[in-house]
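Reading through the structure tokens given below for one structure.
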Amino acid sequence: MSIPRADATASSRLNTNLRTDAAKAATVRTQAEPFSRASTAAATASTKVTSAAVDPTPFKAFATKLCDAGAKHRERLEARGVKNSSYLGSDKGQWVYSNPDGDETIVRHLQAKPGLQNVFRNFDNACIVKKDGRIIFDGEVLTKDHPQQGAVMKALEGILAKVSEDNLPRHRLIGGNTRHPMWDPKSPDHHKYVD
């Protein structure tokens, strides 16, 4: 039994189209959203290439110090019997949280964008400091070349001083105390959280 020539040609075209579509899908590079929790293959590949040439965590000592200070402050709050000890307090509207694992400190509304016109932009930003050295500001890992690097580090140094001195006021009714931290899926900002 032989296959008619028209059917054989159609079958051949179909196989060629399937191989072409598969090849296109394999070569398509997608960009991760700013606060994406999943990295793309292209992003992973570029990270591996650049990690050998550039120190991926130039702020490791500072990040470790801030996370350790946050964990100690959280322990002091727990010893006082404070509810929601993950919320460390607020410094001029900057809400500071420490993850119960002690491996990250999060500052919502970090005042890293100076000027009156940036008040609302400061209110919407998020800074995640990881003990492994990553500082993630508005979804981007901070590097020494980042345009906001100086302002972010200055703001975080102020937070570190307040956390270390146990000098962060906690507001009971409104503010960070009543909100879920970003790592909690119930938080409205959970989509901004980066592992």
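What you see below is based on every heavy atom in this structure, not just the backbone, and it leaves out hydrogens, waters and symmetry mates.
Looking at heavy atoms from C-beta onward, I128 lies out of side-chain contact with F137 at the 4.5 angstrom threshold. Counting only heavy atoms from C-beta outward, the side chains of V163 and L168 approach each other to under 4.5 Å. Residues P181 and N99 fail the side-chain proximity criterion, which asks for heavy atoms closer than 4.5 Å. Here the side chains of I106 and C127 are not in contact, with every heavy-atom distance at 4.5 Å or above.
A salt bridge is defined here as a Lys NZ or Arg NE, NH1 or NH2 lying under 4.0 Å from an Asp or Glu carboxylate O, and K60 with D132 fails to meet this definition.
In this structure, Q149 contributes its side chain and H146 its backbone to no donor-acceptor pair below 3.5 Å. Remark: the backbone N or O of G89 is not paired with any side-chain donor or acceptor of Q94 at under 3.5 angstrom. With hydrogens and angles disregarded, a donor-acceptor distance shorter than 3.5 Å links the side chain of H190 to the backbone of M182.
Residue pairs meeting the side chain to side chain donor-acceptor pair (under 3.5 Å) criterion with at least one partner in residues 65-74, sequence neighbours excluded, are D68-K131, H73-R76, H73-D166, R74-S98. Sorted by first then second residue, the salt bridge (charged side-chain N to carboxylate O under 4.0 Å, His left out) pairs that include residues 94-106, not counting sequence neighbours, are E104-K130.
Here the closest heavy-atom approach between residue L77 and residue L88 is recorded as CD1-CA, 3.9 Å.
Taking the six-membered ring for Trp and thresholds of 30 and 60 degrees, Y97 and W183 have ring planes more than 60 degrees apart, a perpendicular arrangement.
Considering R108, R170, K162 in turn, K162 is the only one that fulfils the salt bridge (charged side-chain N to carboxylate O under 4.0 Å, His left out) rule with D91.
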